[in-house]
Amino acid sequence: MYKAPVDEIAFTLKHVAGLAEAIDRGAFGELGEDLVDAILGEAGRFASEEVAPLGDAGDRRGARLVGGTVETPEGWRDLYHNWIAGGWNGLTAPEAYGGQNLPHMLHVAAMEMWNSGSMAFALAPTLTMGAIEALEKHGTEVLKSVFLPKMVSGEWMGTMNLTEPHAGSDLGVLKTRAERCDDGTYRIFGQKIFITWGEHDFTDNIVHLVLARLPDAPPGTKGISLFLVPKFLVNGDGSLGARNDLFCHSLEHKLGIHGSPTCTMIYGDGRFGAEKGAVGYLVGEENRGLACMFTMMNNARLAVGMQGVAIAEAATQKAIAYAKERRQGRAPGWSGEGMSPIIEHPDVARMLLTMKALTQGSRAIAYACAHAVDMAHFAEGEEARHWQERSSLLTPIAKSFATDAGVDVASLGVQVHGGMGFIEETGAARYLRDARIAPIYEGTNGIQAIDLVTRKLPLSDGAHVRGFIAELREVTAAVAASNRKGFGETAARLDAAIADLEGATAWLLSAIRDGKLAEALAGATAYQRLFGLVLTAIYLAKGGLAEAGDGKQEQRIALCRFATENLVSETSALEDRVTNGAESLAAARSILD
């Protein structure tokens with residue numbers, strides 16, 4: 001059974017990602033490490049004792065659509081109400097609407113633990129939190145006063161409606177339409193698919209944020225508007241009024257996250273209300289909806305990265321526990337009676353250490369991204385710009401590397417279990433099934449690579465990424481100066497990996513500057529992985545250098561050495577793929593015709 005790694009999470013937040021330093025600077029008011037530890041401890045308890053026990057059962061039963069109503073797995077509705085009673089829904093929300101206004105770093109750390117317990121369950125409040133942020137930043141005062149208090153409390157939940165059958169990642173071709181009404185509202189007509197928690201029995205009302213196009217809107221993404229479309233309209237006194245003209249048509253039958261209802265939503269077909277059309281309220285300005293939605297999507301991408309970390313952590317725990325119990329053969333050097341536990345076999349130990357290294361590295365990358373988000377809010381002027389650019393640079397890496405790691409680690413977990421991993425009883429397969437969606441939604445990892453190379457590397461004309469690489473070299477220098485034998489060849493291997501990153505970065509910046517977009521994009525995914533591997537090693541090294549006084553420093557140094565000497569050598573091949581792979585890709589494309 002999953003047990004939240006509260007101590008390791010706290011260590012990574014404080015000593016690797018920068019939370020302790022930010023607290024010392026006074027970035028978060030009166031927040032101190034004691035309160036941080038208390039929050040993490042309770043979040044971990046809730047995840048371990050209340051969420052995780054319902055995870056397997058929720059996967060087996062799944063969500064069901066019965067007579068137009070979605071029924072969630074047994075016990076989940078009570079679990080959700082216990083969750084909101086703990087105040088978790090408002091952890092980072094504005095105090096003006098009942099939130100606690102705590103750092104984003106604490107939010108993502110708690111989110112990791114909830115997702116390890118059950119990713120399908122944790123998806124529900126994740127989207128509400130994103131909707132809260134979008135509405136708080138772009139909604140009118142009236143909309144905020146009506147909807148935010150109940151969304152922050154968790155009494156109502158929120159969703160994000162982007163995808164249509166013909167419009168997945170290319171939102172510029174969406175067809176859902178909005179018509180203006182004389183009273184200032186809009187009528188929404190259309191179909192949306194893959195809407196996570198679009199209908200359920202957790203709350204009395206569901207607040208949908210829907211992208212739609214006005215009749216006179218310009219073509220493409222410049223003609224998209226964002227609308228708030230509640231399941232039930234709200235009366236002047238705040239009570240629920242008439243049912244709005246929208247409904248869940250069907251649920252998707254999915255590879256994983258079975259407990260999460262993934263809905264096809266129909267807006268405006270006349271099933272409810274006196275006339276056709278779901279009543280919607282404009283959020284932001286007409287034809288500027290995509291900018292509003294990206295407020296929600298950017299943090300949603302980091303949240304998805306945390307899902308990758310969460311699955312990796314849970315899969316690693318399960319695999320290690322199984323490897324300690326399962327006996328098979330006799331490992332080299334085994335002196336005990338009978339067969340040895342499989343954890344004693346070198347190849348099994350290699351798999352488990354790979355799982356731990358990728359999990360820890362992904363966790364640190366995601367937490368560092370959250371730290372940059374927090375510091376961008378705290379700082380002013382040029383410092384704020386610096387941290388905004390840092391969060392922009394790290395977001396696609398945090399989303400992609402962590403979710404790829406989640407799949408890789410879960411797959412290794414199945415391998416460690418052997419044949420027992422391929423059957424459902426052990427639970428190892430669920431992690432692989434659940435993990436597989438994360439590299440796809442909130443922008444596929446290929447789209448993240450395009451974003452990283454075309455939009456994030458050129459920030460400040462490439463000065464920010466070059467400055468970041470210089471910071472990474474400082475960590476390498478600190479490893480070398482430490483003279484700790486446990487690091488082995490870490491410093492030299494880090495130097496080589498950073499040189500690979502530096503070379504690939506310079507090549508891509510030059511290609512973008514020279515208009516060689518196809519050549520740059522041919523290596524974008526390889527570059528994204530290259531960056532993630534370097535950051536994994538760097539953050540593991542930072543962890544090894546930290547004097548936390550918890551007796552685990554030598555273990556962290558050993559894990560860093562393993563990762564650097566076994567995993568990071570891939571960076572040289574990735575740099576070659578970035579700088580030399582475009583021509584062969586272009587030459588071979590005809591094979592696909």
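Keep in mind that this is a model prediction, so the values were computed, not measured.
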Would Gln388 and Arg385 satisfy side-chain hydrogen bond (donor to acceptor under 3.5 Å, both in side chains), going step by step from the backbone distance to the final call?
CA-CA 5 Å; Gln388 181 59 56; Arg385 177 185 173 185; over 6 Å; no

Quick one: do Arg301 and Val304 satisfy side-chain contact (heavy atoms from CB on, under 4.5 Å)? Show the steps, please.
CA-CA 5 Å; Arg301 287 172 172 174; Val304 172; 5.7 Å; no

side-chain hydrogen bond (donor to acceptor under 3.5 Å, both in side chains) for Asn445 and Lys399? Distances and angles first, verdict last.
CA-CA 7 Å; Asn445 286 358; Lys399 194 277 183 183; 2.9 Å; yes

Evaluation steps, side-chain contact (heavy atoms from CB on, under 4.5 Å), between Thr564 and Phe487
CA-CA 9 Å; Thr564 307; Phe487 275 120; over 6 Å; no

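Heavy-atom contacts from other residues, nucleotides or ligands closer than 6.0 Å to CD of Glu502 number more than 12. Other residues, nucleotides and ligands place more than 12 heavy atoms under 6.0 Å from the CD atom of Glu424. In this structure, Arg473 places its CZ atom where more than 12 heavy-atom neighbours from other residues, nucleotides or ligands lie under 6.0 Å away. Remark: Glu471 CD is packed, more than 12 non-hydrogen atoms of other residues, nucleotides or ligands lying under 6.0 Å away. Within 6.0 Å of NZ in Lys516 there are 12 or fewer heavy atoms belonging to other residues, nucleotides or ligands. Under a cut-off of 6.0 angstrom, the local environment of NZ in Lys542 is crowded, with over 12 non-hydrogen atoms contributed by other residues, nucleotides or ligands.
In this view, His386 and His464 satisfy the ring pair (Phe, Tyr, Trp, His ring centres under 6.0 Å) rule, not counting sequence neighbours.
The ring of His371 has its center closer than 6.0 angstrom to the ring center of Trp387.
Between Glu519 and Trp507 there is a side-chain heavy-atom pair separated by less than 4.5 Å. No side-chain heavy atom of Val283 sits under 4.5 Å from any side-chain heavy atom of Phe227. The shortest distance between side-chain heavy atoms of Phe401 and Gln528 does not fall below 4.5 Å. Looking at Arg213 and Ile224, their side chains come closer than 4.5 Å, going by heavy atoms from C-beta outward. For the pair Ile498/Ile538, a side-chain contact is recorded, criterion being any heavy-atom separation below 4.5 Å from C-beta on. The shortest distance between side-chain heavy atoms of Met265 and Cys248 falls below 4.5 Å. For the pair Gln317/Glu313, a side-chain contact is recorded, criterion being any heavy-atom separation below 4.5 Å from C-beta on. With contacts defined as side-chain heavy-atom distances shorter than 4.5 Å, the pair Lys456/Ile397 does not qualify.
Note that CD1 of Ile311 is 12.5 Å distant from OG of Ser362, once rounded to the nearest 0.5 Å. Between atom CE of residue Met355 and atom CD1 of residue Ile320 there is a gap of 7.0 Å, rounded to the nearest 0.5 Å. One finds the CG atom of Asn161 at 7.0 Å from the CE atom of Met293 (value rounded to the nearest 0.5 Å). A distance of 8.5 Å separates CG in Asn566 from CG in Leu353, rounded to the nearest 0.5 Å. To the nearest 0.5 Å, the span separating NE2 on His253 from NE2 on His258 amounts to 10.0 Å. Taken to the nearest 0.5 Å, the CZ atom of Arg589 stands 12.0 Å off from the CD1 atom of Ile591.
Aromatic ring orientation, Trp197 versus His200: perpendicular (interplanar angle above 60°, classes split at 30° and 60°). Note on ring orientation: taking the six-membered ring where Trp is involved, the planes of Phe531 and Tyr527 are perpendicular (angle over 60°, cut-offs 30° and 60°).
The two residues Ser225 and Asn287 come nearest to each other via the heavy atoms OG-N, 2.7 Å. The two atoms that bring Ala310 and Asn115 nearest to each other are CB-CB, 3.4 Å, heavy atoms only. What you find for Ala537 and Cys560 is that their closest heavy atoms are O-SG, 4.1 Å.
In the model, Glu252 has a side-chain atom that pairs as donor or acceptor with a side-chain atom of Thr264 under 3.5 Å.
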